[in-house]
Amino acid sequence: KYLIRTKDGQMLWRNDPCGRMMDLGPARNDVICKRVLFPSSAFDCPTLRHMVIYEMSILTFSSEKTFQGAIKRLPYLVSLGVNAICMMPPTQDTHAECWGYDPISLFALHRQFGTPDDLRELVLSCHKIGIACIMDWVPNHMAADSILNDFDMPGSHLYFYPDARRDTPFGTRLDCRKPQVSDYILRSARMWLEEYGFDGLRVDSTGTLRSVNAHEPWSGKDLIEAWELMQALNDMAHSLSPPRFTIAEDLMHNSRINDTAGFDSQWDANFFTQIFRICVTLEDCNRDMDLLASVVSSTFTGICTDRVIYTESHDTVASTCSHRFPEAIEEGAEYFTAGSPAVKRSIVAATILMTSPGTPMILMGQENLERRSAVWPYPPEVDYLVDDPLRQAVYAKYAALIRLRRNLDGAASGLCGTGICLSHINNGDKVIGYHRYSHYGPGDDVLVIANFANRDLIDYRLGLTRDGRWRIRFHSDLDKTPDDSLQWIIMATRIQRDGLPFSLVISLPPYSAIVLSRELPGRVNSLSIDDRP
């Protein structure tokens, strides 16, 4: 530690504000460790357009609760098909076992998770199997027992605002008016990117960071210095070699986060809110297809990659919030079956998630029908070892959706494209249909149809912008697994419907979603997954 002698003769032992690691003892001493840059590699980071994110906590991803334990679990993520992880904060936290949002340091990693070399090895291991690593970085507040408190003398506000701007709902806010403090914050971000090899940063609660009154971030009064800090952060991240990307958690539906602050993307809380409301509502008559259509096609700046979309996140599953999706739909149910509304609607929601414009993200356990809520400060719990045929079937549906979303079979490149046509909105029967595309054509055109009502719709006709041969690539019912046989092919004909020149007829079971793609007659299309627009 540093020994600081104050003007009045006091002797203060203080941690290095930029120390990389602390011990686990009550004295909380710094651990001297070698500072090295992350080794260069040939890793080709997927773009936001081609990315599927898995939000995870080191504490509950493996039984060891460590970086090394997470390395052993990486084959699970390969099997699922995701190609990016968003790691909940690995920084030293005030809690021993937690999800990391009460940092006492912006530089030290959580000692219980392992060493700096362990974290570097985890990121390297991810890169070797094609998985990008995003760090959840928390610069908007420090915990009550932060190592920066009273740094140079008792009662000092050396690092923090000296007035009400210091207070946030989560902790004490750093005073980024001071160039030394803003530089300290930026050096923290640069360290995680350069020394540990993270490919991107998810910046926690930028609304708290930028709002004068952090308790009311919607008030509209902002800190100019916070906007300057965010711009400097994004300039720095984009200037590195290779360039890094940034994602903001602002939650205020503010396009300036993208086009003024310079973030590549931001969490779209409205997507979650409306999908959750539509799926959890008890009565089918209250499910609003027009509202669903608006959130499916929404963007912040007209670019499909400017938002990260999700139906569960660490914020939404807290026990004080919305709970896990299946539990919210059938709260207190003793058990689920393949026909349970909780199961069927959860998979329909996942289908909308994986086929809407934006970068899709799932929360750890979502793919296993996890229903337990997280209790602060402990992160979401997941039972990865449970031997349950229902959960395994749900997992298979998520894996199929992710494979389709990433266009790994070369049959659905339109899901990675920018185009969307809301071709069918039936608020009476609670059906929505939309066409995703990049450059049109077989292997690119994708049709998504969802039935949000608890009734069979037989021989249902809906309009299309394209005719020809359409193959069912995904069916949300657990007992239906499309293959290459002819029974999964539907021909679109020149019969007008929904103001469009073509249409097809399909049967929609209760609470179901179906994804089709257009293919050339008589042969499988041959578009490569690298055929990127």
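Being a predicted model, the structure only gives us computed values, none of them experimental. Note that the numbering runs from 1 along the sequence shown for the chain.
When side chains are defined from C-beta on, Gln68 does not count as touching Leu119, because their heavy atoms never get closer than 4.5 Å. Between Thr47 and Thr305, every side-chain heavy-atom pair lies at or beyond the 4.5 Å cut-off. Considering only heavy atoms from C-beta on, Ser298 comes within 4.5 Å of His253 through its side chain. Put simply, the side chain of Leu404 does not reach to within 4.5 Å of the side chain of Met354, judged on heavy atoms. No side-chain heavy atom of Val308 sits under 4.5 Å from any side-chain heavy atom of Asp268. At a threshold of 4.5 Å between non-hydrogen side-chain atoms, the residues Arg187 and Cys18 count as touching. Residues Leu240 and Pro243 have side chains not in contact (no heavy-atom distance under 4.5 Å, counting atoms from C-beta outward). Residues Trp137 and Leu233 form a side-chain contact, since some pair of their non-hydrogen atoms from C-beta on lies under 4.5 Å apart.
Remark: aromatic rings of Tyr384 and Phe61 are close, center separation under 6.0 Å. For Tyr101 and Phe170, the distance between ring centers is not under 6.0 angstrom. Aromatic rings from Trp99 and Tyr378 are positioned such that their centres are separated by 6.0 Å or more. Aromatic rings from Tyr184 and Phe107 are positioned such that their centres are separated by under 6.0 Å.
For the pair Asp145 and Arg28, the salt-bridge criterion is met [side-chain N within less than 4.0 Å of a carboxylate O]. A salt bridge between Arg244 and Asp235 is absent, with no side-chain N of the basic residue lying under 4.0 Å from a carboxylate O of the acidic one. Between Arg372 and Glu327 no salt bridge is recorded (no basic side-chain N to carboxylate O distance below 4.0 Å). A salt bridge does not link Arg14 to Asp30: none of the charged nitrogens lies less than 4.0 Å from a carboxylate oxygen. With salt bridges taken as basic N to acidic carboxylate O contacts below 4.0 Å, none links Glu225 and Lys178. We find that Arg202 and Glu55 are not joined by a salt bridge, their nearest charged nitrogen and carboxylate oxygen being 4.0 Å or further apart.
Seen from the ring of Tyr76, Arg73 counts as a face-on cation partner, given the 6.0 Å and 45° thresholds. Geometrically, Arg307 does not engage Phe300 in a cation-pi contact, judged by NZ or CZ lying under 6.0 Å from the ring centre and within 45° of the ring axis. Annotation: cation-pi pair Lys65/Phe113 absent, no NZ/CZ under 6.0 Å from the ring centroid and within 45° of its normal.
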> So Phe325 and Phe276, ring pair (Phe, Tyr, Trp, His ring centres under 6.0 Å) or not? Walk me through it.
Replying inline: CA-CA 8 Å; Phe325 227 82; Phe276 184 86; 5.6 Å; yes

>> Apply side-chain contact (heavy atoms from CB on, under 4.5 Å) to residues Glu121 and Phe67 and explain how you reach the verdict.
In response: CA-CA 8 Å; Glu121 185 180 350; Phe67 298 129; over 6 Å; no

>> Show, in sequence, the C-alpha distance, side-chain angles and deciding distance for Tyr159 and Gln180, and conclude whether the side chain to side chain donor-acceptor pair (under 3.5 Å) test is met.
In response: CA-CA 9 Å; Tyr159 281 89; Gln180 301 92 334; over 6 Å; no

> Under the side chain to side chain donor-acceptor pair (under 3.5 Å) criterion, do Thr311 and Gln366 qualify, and how do the steps go?
Replying inline: CA-CA 9 Å; Thr311 55; Gln366 187 174 343; 2.8 Å; yes

>> Determine whether Ser373 and His323 satisfy the following criterion, side chain to side chain donor-acceptor pair (under 3.5 Å), listing intermediate values before the conclusion.
In response: CA-CA 5 Å; Ser373 297; His323 306 297; 2.9 Å; yes

>> Please evaluate residues Arg324 and Glu312 with respect to the criterion salt bridge (charged side-chain N to carboxylate O under 4.0 Å, His left out), reporting the C-alpha separation (whole Å), side-chain torsions for both, the decisive distance (0.1 Å), and the verdict.
In response: CA-CA 7 Å; Arg324 290 280 195 172; Glu312 286 188 2; 2.6 Å; yes

> Does the pair Arg406 and His50 meet the rule for a side-chain contact (heavy atoms from CB on, under 4.5 Å), with working shown?
Replying inline: CA-CA 6 Å; Arg406 292 182 57 200; His50 298 86; over 6 Å; no

> When you look at Asp250 and Thr206, which way does the side chain to side chain donor-acceptor pair (under 3.5 Å) test go after all the steps?
Replying inline: CA-CA 5 Å; Asp250 198 75; Thr206 54; 2.6 Å; yes

> Under the salt bridge (charged side-chain N to carboxylate O under 4.0 Å, His left out) criterion, do Asp117 and Lys34 qualify, and how do the steps go?
Replying inline: CA-CA 9 Å; Asp117 285 339; Lys34 188 177 181 180; over 6 Å; no

> When you look at Leu106 and Thr91, which way does the side-chain contact (heavy atoms from CB on, under 4.5 Å) test go after all the steps?
Replying inline: CA-CA 7 Å; Leu106 290 186; Thr91 42; 5.9 Å; no

> Are Leu223 and Arg165 close enough, and set up right, to give a side-chain contact (heavy atoms from CB on, under 4.5 Å), and what steps lead you there?
Replying inline: CA-CA 9 Å; Leu223 299 166; Arg165 289 171 293 181; 3.9 Å; yes

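A donor-acceptor pair is defined here as one N or O able to donate and one able to accept, closer than 3.5 Å; such a pair exists between the side chain of Thr316 and the backbone of Ser313. The backbone N or O of Ser62 sits nowhere less than 3.5 Å from a side-chain atom of Glu64 that would complete a donor-acceptor pair. With hydrogens and angles disregarded, no donor-acceptor distance shorter than 3.5 Å links the side chain of Gln92 to the backbone of Pro103.
To the nearest 0.5 Å, atom OG of residue Ser265 and atom CD1 of residue Ile309 are 9.5 Å apart. A distance of 16.0 Å separates CD1 in Ile185 from CZ in Arg190, rounded to the nearest 0.5 Å. The CD atom of Glu249 sits 10.0 Å away from the SG atom of Cys86 when rounded to the nearest 0.5 Å. Rounded to the nearest 0.5 Å, atoms CZ (Phe160) and CG (Leu148) are 5.0 Å apart. We find the CG-CG distance between Leu251 and Asp315 to be 7.0 Å, quoted to the nearest 0.5 Å. Rounding to the nearest 0.5 Å gives a distance of 10.5 Å between CE of Met361 and CZ of Phe272.
When all heavy atoms of Thr60 and Pro380 are compared, the closest pair comes out as OG1-O, 2.9 Å. Across Thr359 and Ile53, no two heavy atoms sit closer than the pair CG2-CD1, 3.8 Å.
In this structure, a donor-acceptor pair under 3.5 Å is present between the side chains of His238 and Asp264. Checking Asn407 against Ser413 by side-chain atom types alone, no donor-acceptor pair falls below 3.5 Å. Judged purely by distance below 3.5 Å, without hydrogens or angles, the side chains of Gln266 and Asn258 pair a donor atom with an acceptor atom. When only modelled atom types and interatomic distance are considered, Asn234 and Thr246 share a side-chain donor-acceptor pair under 3.5 Å. For the residue pair His95/Asp102, the side-chain donor-acceptor check at 3.5 Å is satisfied. Side-chain atoms of Gln274 and Asn270 include a donor-acceptor pair closer than 3.5 Å.
For Tyr2, the ring pair (Phe, Tyr, Trp, His ring centres under 6.0 Å) criterion is met by no residue, not counting sequence neighbours.
Ile32 CD1: 12 or fewer foreign heavy atoms inside a 6.0 Å radius.
Exactly one of Tyr196, Phe38, Phe198 qualifies for a ring pair (Phe, Tyr, Trp, His ring centres under 6.0 Å) with His127. That residue is Phe38.
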